[in-house]
Amino acid sequence: MEETKNVGQAGEFEVLEEALLPPVNEFKRFIRVFFRRKVVIIGFALVVLVIFVAIFADLISPYDPYEQDLHNVMAAPNGAHLLGTDALGRDLLSRIMYGTRIALIVGVLTVLISAVIGVAIGLVAGFAQSKVQTVIMRLTDALIAIPSLILQLLLANLLKSFIGGMGSVVVALGLTMFPGYIRMVNAQVLTLKQNDYVLAGRAMGDKKRRIVLRHILPNAVSPLIVMMTMMMGASIMAEAGLSFLGLGIAPPAAAWGQMCREGYQYLMTRPLLSIAPGFAIMILVFSYNMVGDGLRDALDPRLRGSLD
Amino acid sequence: MISYIIRRLLYAVLIVILVSVTVFTLIRLLPGDPIEILVSQDIMQDAARDPEYYARLRSEYGLDKPIPIQFINWFFKMLRGDFGKSIIRKFDILGEMKSRIVVTLSLGIVSFIISNVVGILLGILSAIRRGKIVDTVVTVIANIGVTAPTFWIAILLIYFIGFKLKLLPLYGYTLPWKDFGTSVRQSIMPVFVMALGPISMTCRQARSSILEVLNQDHVRTAWSKGLTERKVIFRHVLKNGLMPVVTLQGTMIAMIFGGSAIVETIFVIPGMGKMMVDGMLSQDYPVVQVVTLMLTFVVVLANLLVDLMYGWIDPRIQYE
């Protein structure tokens, strides 16, 4: 008796019919949407390639990036040195390959530092009293209005004597690139707070901490991931700019911006020395941006559950 | 409107004070005693070893007082027009800056105007011709503009256009009222480099917000009234579609003037940005202090103007 009744209802109501459909596999859908655009596929492939080169740089790079060959300086591209050598006889291709390590590490660490700071402040602002929130958001506006390059130059210069090498640049970038996250997280919190499940949680006596960790944060993760991906590219560009000015990562490190700076002196005779590392920067930044675009499409909650 | 203007003004003053405190403290935290640097520059090394000489210099520069007092002294001296002297090269900072700020401002303002005009036009074009070849080309250019480092674009231009094709001078700067032709020829590459990023971002923002407006009811009504495309776009789409573009311009100004450090260094332009980088490389703290503050001041002022314009364009803002 019961069974026949159910079947009858399933035929009558659309809602039940939909429930009988096989469930949409979220992961498969994510993959399909993510790889829908060709540029995203290219960007993703390039990021994978760069990571691969960074991991296996010791094995695949033809020369030691720091080994000077003073009999063979400023060589034009040839069979032994595919991109030629620099003013100290170091193989350009090998240096660019090792440069992937610095670029990736700078990107990841900078984004982690700035995201942690930004998300924390953004959450506090979102849940604080309206006056506190206004103050925080106004200060954030102010921070965004200040040219970040100026603060980065100052900070990197200051930190250089405390933390050597890459550290000073990473911290300087991390400490200046967080305001964007505050805005994003604050906006997310304000929207998410309106949802019924937050109200339900509050009605059941949830503590603020539980609401933040259980309801707000998981729902704000998608835009956060997208923003972090985009900021990887931005921080690599900022690092390159600092290094190019001679105020970032110091020689002899094989950082792309630093290589551009050194190579720029010989632009008229060996243009590849500065153009090739710059091209590498652009490729990596482009790839991160494309992956970010793809993630944005794939993580968009409005598309979730759709068969596409 | 008046209360809006006053609020914005107070806000701008607050930012300037905040930034000057930050810059001042950061520089005081820097290792290396400016007096040591000053003395090491001194020719009379014997006199320099005398501790009394140190103490005299220290009080001469006001460095013997606690930092908050130093800050207040420095701040009020600046308000009176006394910007101090360079430690390394001894020039008067105010005099040096007067000539340099003109250079940076003229390049920056031209870049800003160009980036707005070109960026908005390209954005409109690719939005109303969505999916067509124009749209694809514009999107590719905008992507390059966002992802390529400014110094790299500059290097490419200098090498190919300046050196290989010999179309434009490689570097340098001449004020427009000294020799207009040379000035324009020398400015083309730096202005292009400075404007490329802002053009791309403005264009992307214009495109996406116009596309959003194109789907709205009032635009459909305008079409169905039988208005021409020109009228629909100019009268009904742009007014709403360009609002987010105006908000973006504050960030663009910061980008242009912050980026002047890189562009002026690479094109050897005697502006504020180059002064700042040179000051940092030679640890000339008084110079760095003033120049960073002035550059921020310019940006804050420009932002204030954008905010006021925004309030004037969008009547909703005044009642916020």
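We name chains A, B, ... by the order of the sequence lines, and we start the count at 1 in each one.
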So, the side chain of A/Tyr264 versus the backbone of B/Ile266: is there a donor-acceptor pair under 3.5 Å, distance only?
yes

Taking 4.5 Å as the heavy-atom cut-off, does anything in residues 148-155 of chain A contact chain B, and if so which residues?
A/Leu149, A/Ile150, A/Leu153, A/Leu154, A/Leu155

Side-chain touch B/Ile155/A/Leu267, heavy atoms, less than 4.5 angstrom
yes

Could you tell me which portion of A/Phe279 (side chain, backbone, both or neither) has an atom closer than 4.5 angstrom to a non-hydrogen atom of chain B?
both

Measure A/Met268 against the heavy atoms of chain B and call it side chain, backbone, both or neither at under 4.5 Å.
both

When you measure from the side chain of B/Trp152 to the backbone of A/Met282, do you find a donor-acceptor pair of N or O atoms at a distance under 3.5 Å?
no

Using heavy-atom distances under 4.5 Å, tell me whether A/Phe244 contacts chain B through its side chain, its backbone, both, or neither.
side chain

Which portion of B/Leu18 sits near chain A, non-hydrogen atoms under 4.5 angstrom
side chain

Indicate yes or no: at least one non-hydrogen side-chain atom of A/Leu245 is less than 4.5 angstrom from one of B/Ile262.
yes

Taking it one step at a time, do B/Tyr11 and A/Asp141 satisfy side-chain contact (heavy atoms from CB on, under 4.5 Å)?
CA-CA 10 Å; B/Tyr11 181 51; A/Asp141 289 345; 3.1 Å; yes

Here the pair of heavy atoms bringing B/Gly258 nearest to A/Pro147 is CA-CB, 3.7 Å

Please check if the side chain of B/Tyr159 supplies one atom and the backbone of A/Ile275 the other of a donor-acceptor pair under 3.5 Å.
no

Toward chain A: residues of residues 272-279 of chain B with heavy atoms under 4.5 Å
B/Met276, B/Val277

